[in-house]
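Notes for the one structure printed next.
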Amino acid sequence: MGTRFSPPVVIAIALPLLLAVAVAAIAINARVRGTGEPPPPDTGPLAVAPVDSPDATGPECTALLAALPAELDGPDGPMPPRPIAEAPSLPGVRAWAAAPRPAVLRCGLPRPAELTPTSALLEVNGVRWLQLEDGLPQPVQVSYIAVDRPVYVALTTPVDAGSAPLQQLSDVIRETLPATAVAVR
């Protein structure tokens, strides 16, 4: 003789099973359609806000910009170059396509106000960097400023770009610009 389950027991068993089937169907549908995959990074001209860059046209920045790689190492492969809109009016700026935001290098910046005698510096491949967060609870991008060279060089990358761009540019900076003492106030 079979056991009969009461309606609340049947509902308690059936609802989680139905929920699991529905979630699996949605996941399979999303995977087949490609939903959820991030869009490819934008490779069109990048509008960059002008900032004070007093040494951007100097010989150090000219040498560094000439030595920069066409592509930058990224978490999912090479990041292609991204042209700068109004490039003639923005010397010292280069960009590479990345998602969700591009990687941007600026050369010839003034000394960062955040650089103090107690600033924690990060050394990568022989270059000392000051790391600046974007100030959001869940940061979207991070900026690094090389502080031990004759000119200040900033690299801003998406947080999920990892350390590869910083390592690659540290090598170029180390080979192109001589090391100097970190000038703190």
Contacts of type side chain to side chain contact (heavy atoms under 4.5 Å, CB included), residue P102, not counting sequence neighbours: L46, R82, V104
Sub-4.5 Å side-chain heavy-atom contact between P69 and L169: yes
Side-chain heavy atoms of T62 within contact of T57, under 4.5 Å: no
Side chain to side chain donor-acceptor pair (under 3.5 Å) partners of S170, counting only residues at least two apart: W129
Path from L155 to L65 over hydrophobic side-chain contacts below 4.5 Å: yes
L132 side, atom CG; Q141 side, atom CD - distance, nearest 0.5 Å: 11.0 Å
Donor-acceptor pair, side chain of R94 and main chain of L68, under 3.5 angstrom: no
4.5 Å side-chain heavy-atom contact, R106 and V51: yes
L105 vs W96 side-chain heavy atoms within contact, under 4.5 Å: yes
Qualifying disulfide (SG to SG under 2.5 Å) pairs with a residue from residues 128-170, counting only residues at least two apart or across chains: none
Where P100 and D160 come nearest, the two heavy atoms and their spacing: CD-OD1, 4.1 Å
Closest non-hydrogen atom pair between P75 and A161, with its separation: CD-O, 3.6 Å
Sequence-distant partners of A85, side chain to side chain contact (heavy atoms under 4.5 Å, CB included), two or more places apart: P45
Exam field: side chain D148 to backbone A179, donor-acceptor pair closer than 3.5 Å: no
Contacts of S119 that satisfy side chain to side chain donor-acceptor pair (under 3.5 Å) - sequence neighbours left out: T116
Shortest non-hydrogen separation from P165 to G162 and the atoms involved: CD-O, 3.7 Å
V93-M79 co-clustered via ILVMFWY side chain contacts under 4.5 Å: no
All salt bridge (Lys or Arg N to Asp or Glu O under 4.0 Å) counterparts of R128, not counting sequence neighbours: none
Non-hydrogen side-chain atoms of S163 and V124 separated by less than 4.5 Å: no
Side-chain heavy atoms of V127 within contact of V153, under 4.5 Å: no
Heavy-atom side-chain proximity of L121 to L115 below 4.5 angstrom: yes
Considering all heavy atoms, the nearest P91-P88 contact: CD-O, 4.2 Å
By side chain to side chain contact (heavy atoms under 4.5 Å, CB included) - contacts of P78 (at least two apart): E71
Derivation of the side chain to side chain contact (heavy atoms under 4.5 Å, CB included) call for Q167 and D73: CA-CA 9 Å; Q167 291 175 4; D73 295 338; over 6 Å; no
Contacts of E175 that satisfy side chain to side chain donor-acceptor pair (under 3.5 Å) - sequence neighbours left out: none
Validation row: L64, L177 side chains within 4.5 angstrom (heavy atoms): yes
Side chain to side chain contact (heavy atoms under 4.5 Å, CB included) partners for E133, two or more places apart: Q131, P139, V142
Donor-acceptor contact present, side-chain R174 to main-chain N125, <3.5 Å: yes
Residues forming a side chain to side chain donor-acceptor pair (under 3.5 Å) with S53, sequence neighbours excluded: none
Residue list, salt bridge (Lys or Arg N to Asp or Glu O under 4.0 Å) with D76, at least two apart or on another chain: none
OG1-CZ distance between T180 and R149, expressed to the nearest 0.5 angstrom: 7.0 Å
Shortest non-hydrogen separation from Y144 to L122 and the atoms involved: CE2-CD2, 4.0 Å
Transitive ILVMFWY side-chain link L109 to V147, under 4.5 Å: yes
Taking every non-hydrogen atom, the tightest pair across A103 and A98: N-CB, 4.3 Å
Pairs involving residues 67-166, ordered by first then second residue, that meet disulfide (SG to SG under 2.5 Å) (sequence neighbours left out): C61-C107
Nearest-0.5 Å distance, CD of residue E60 to CD1 of residue I173: 13.0 Å
